[in-house]
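Structure first, then comments.
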Amino acid sequence: MSVLRGRPRDTALDIAIANATEAVLLSHGYSAVNIDRVAKLAGTTRAAIYRRAKTRGELVVALLVSRFGIDPASDSGNLREDLRLIQELQRDFFVAPMVQAALAGVLNDLRDDAELGEVFYARFMEPRRRSVAAMLARAADRDEIAPPSQPGVISDLLTGPLLLRAALPPIGPIDDTLVNATIEAALTACGAIDRTADRPAVKPSQR
């Protein structure tokens with residue numbers, strides 16, 4: 001006989017809270033996000049919010065999970081294409097208005113609040129890094145690369161340069177040149193096999 005444990009999660013309320021968080025963030029900025037304002041806009045209670053998030057940072061983490069998910073890596077059957085697809089998603093992430101509105105405030109809170117850092121990593125970053133690790137494992141199974149010993153480093157190579165450009169716009173935009181460079185850097189770090197090297201060299205004609 002099965003035993004019910006607690007009430008099921010109200011996904012409609014989760015969506016309302018995420019929508020309210022985004023609305024406050026875009027209209028008033030990260031510093032204006034708080035439990036009272038989001039609860040009022042979502043049509044719910046402080047207690048309902050606190051069951052999901054205790055701080056504005058946690059509200060924004062939940063928003064990021066809702067909008068961008070935790071499993072970004074594709075499975076196209078080719079590592080280079082998988083990397084291109086994930087970097088296009090990352091570019092969309094970093095140029096999204098809500099991310100632009102939240103980035104500076106979240107980075108500041110992450111520096112000052114160790115608990116928020118743990119929540120941000122556990123709920124958003126770590127699952128996405130696992131997704132990249134699974135993508136690399138699939139590539140290894142296809143013999144495109146050797147099994148990576150440090151897949152987290154590949155995640156850092158993919159994300160770090162885009163985060164830097166997003167945090168410091170004067171450096172330049174997140175353009176195709178940067179995206180392509182991160183893909184090449186990841187492939188190099190993985191020791192990806194260059195299939196073109198198996199082709200016979202074309203000898204210059206003799207005169």
Side-chain angles (χ1 to χ4, degrees), residues 1-76 82 85-135 151-152 155-156 158-160 162-163 166-167 174:
M1 182 176 65
S2 62
V3 177
L4 296 177
R5 297 183 179 180
R7 291 179 296 178
R9 183 78 171 228
D10 185 346
T11 56
L13 183 54
D14 290 337
I15 293 170
I17 292 170
N19 289 342
T21 302
E22 182 177 13
V24 175
L25 184 62
L26 292 177
S27 60
H28 299 291
Y30 180 75
S31 62
V33 176
N34 61 57
I35 302 297
D36 288 333
R37 182 171 286 178
V38 169
K40 182 177 180 180
L41 194 57
T44 189
T45 64
R46 286 172 53 89
I49 300 289
Y50 272 117
R51 283 195 292 270
R52 293 162 170 81
K54 297 180 177 63
T55 66
R56 65 182 175 189
E58 290 187 23
L59 282 168
V60 171
V61 171
L63 172 62
L64 294 178
V65 171
S66 172
R67 296 297 189 262
F68 298 102
I70 56 174
D71 187 16
S74 299
D75 185 6
S76 70
D82 286 345
L85 291 170
I86 199 170
Q87 288 306 81
E88 288 299 331
L89 288 175
Q90 291 221 92
R91 170 156 52 183
D92 291 344
F93 171 82
F94 281 113
V95 302
M98 76 175 72
V99 174
Q100 290 286 310
L103 186 59
V106 168
L107 290 176
N108 186 68
D109 282 358
L110 288 173
R111 181 193 63 192
D112 296 337
D113 185 346
E115 184 176 351
L116 175 61
E118 293 175 0
V119 169
F120 182 78
Y121 185 77
R123 297 182 187 174
F124 188 67
M125 288 298 300
E126 199 272 339
R128 292 171 71 89
R129 288 165 76 87
R130 280 203 311 267
S131 180
V132 172
M135 176 188 73
S155 290
D156 295 341
L158 294 171
T159 303
L162 276 62
L163 172 59
I174 301 174

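The analysis underlying the following values was restricted to heavy atoms, covering all of them including side chains, and did not include hydrogens, waters or symmetry mates.
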Checklist line | Reported CG-to-CE distance for the pair L158 and M135, which is rounded to 0.5 angstrom | finding: 6.5 Å
Checklist line | Sub-4.5 Å side-chain heavy-atom contact between R130 and P127 | finding: yes
Check: So how far is it from Q87 CD to T159 OG1, rounded to the nearest 0.5 Å?
Finding: 6.5 Å
Check: Is a salt bridge present between E126 and R129, judged by a nitrogen-to-oxygen distance below 4.0 Å?
Finding: no
Check: Do the side-chain N and O atoms of Y30 and D109 include a donor-acceptor pair separated by under 3.5 angstrom?
Finding: yes
Notebook entry, point to check: How about V106 and V99: do any of their side-chain heavy atoms sit closer than 4.5 Å?
Noted result: no
Item checked: Considering all heavy atoms, the nearest I70-S131 contact -> O-CB, 4.1 Å
Notebook entry, point to check: Any idea which heavy atoms bring E58 and R52 closest together, and the distance?
Noted result: OE1-O, 4.2 Å
Next item on the list: Drop me the distance from R37's CZ to S27's OG, to the nearest 0.5 angstrom.
Entry: 7.5 Å
Next item on the list: Any chance you could measure T44, atom OG1, to R51, atom CZ, to the nearest 0.5 Å?
Entry: 7.5 Å
Check: Short question: side chain of T21, backbone of I17 - any donor-acceptor pair under 3.5 Å?
Finding: yes
Checklist line | CG-CZ distance between L64 and F93, expressed to the nearest 0.5 angstrom | finding: 5.0 Å
Next item on the list: Can you see which heavy atom on R46 is nearest to which on A39, and at what distance?
Entry: N-CB, 4.1 Å
Next item on the list: May I ask you to decide whether R67 forms a salt bridge with E22, counting only side-chain N to carboxylate O separations under 4.0 Å?
Entry: yes
Notebook entry, point to check: Where do L163 and L103 come nearest, in terms of heavy atoms and distance?
Noted result: CD1-CD1, 4.0 Å
Checklist line | Heavy-atom closest contact (L25 atom, M98 atom, distance) | finding: CD2-O, 3.4 Å
Note to self: Is any side-chain heavy atom of L26 closer than 4.5 Å to one of P97?
What the structure shows: yes
Next item on the list: For R128 and G69, indicate whether the former's side chain and the latter's backbone hold a donor-acceptor pair under 3.5 Å.
Entry: yes
Checklist line | Which atom of P151 lies closest to which atom of A133, heavy atoms considered | finding: CB-CB, 3.9 Å
Next item on the list: Run the numbers on L59 and I35 for side chain to side chain contact (heavy atoms under 4.5 Å, CB included), then give the verdict.
Entry: CA-CA 8 Å; L59 282 168; I35 302 297; 3.9 Å; yes
Item checked: Results of side-chain contact (heavy atoms from CB on, under 4.5 Å) for D92 - residues two or more places apart only -> none
Next item on the list: To the nearest 0.5 Å, tell me how far I49 CD1 sits from K54 NZ.
Entry: 12.5 Å
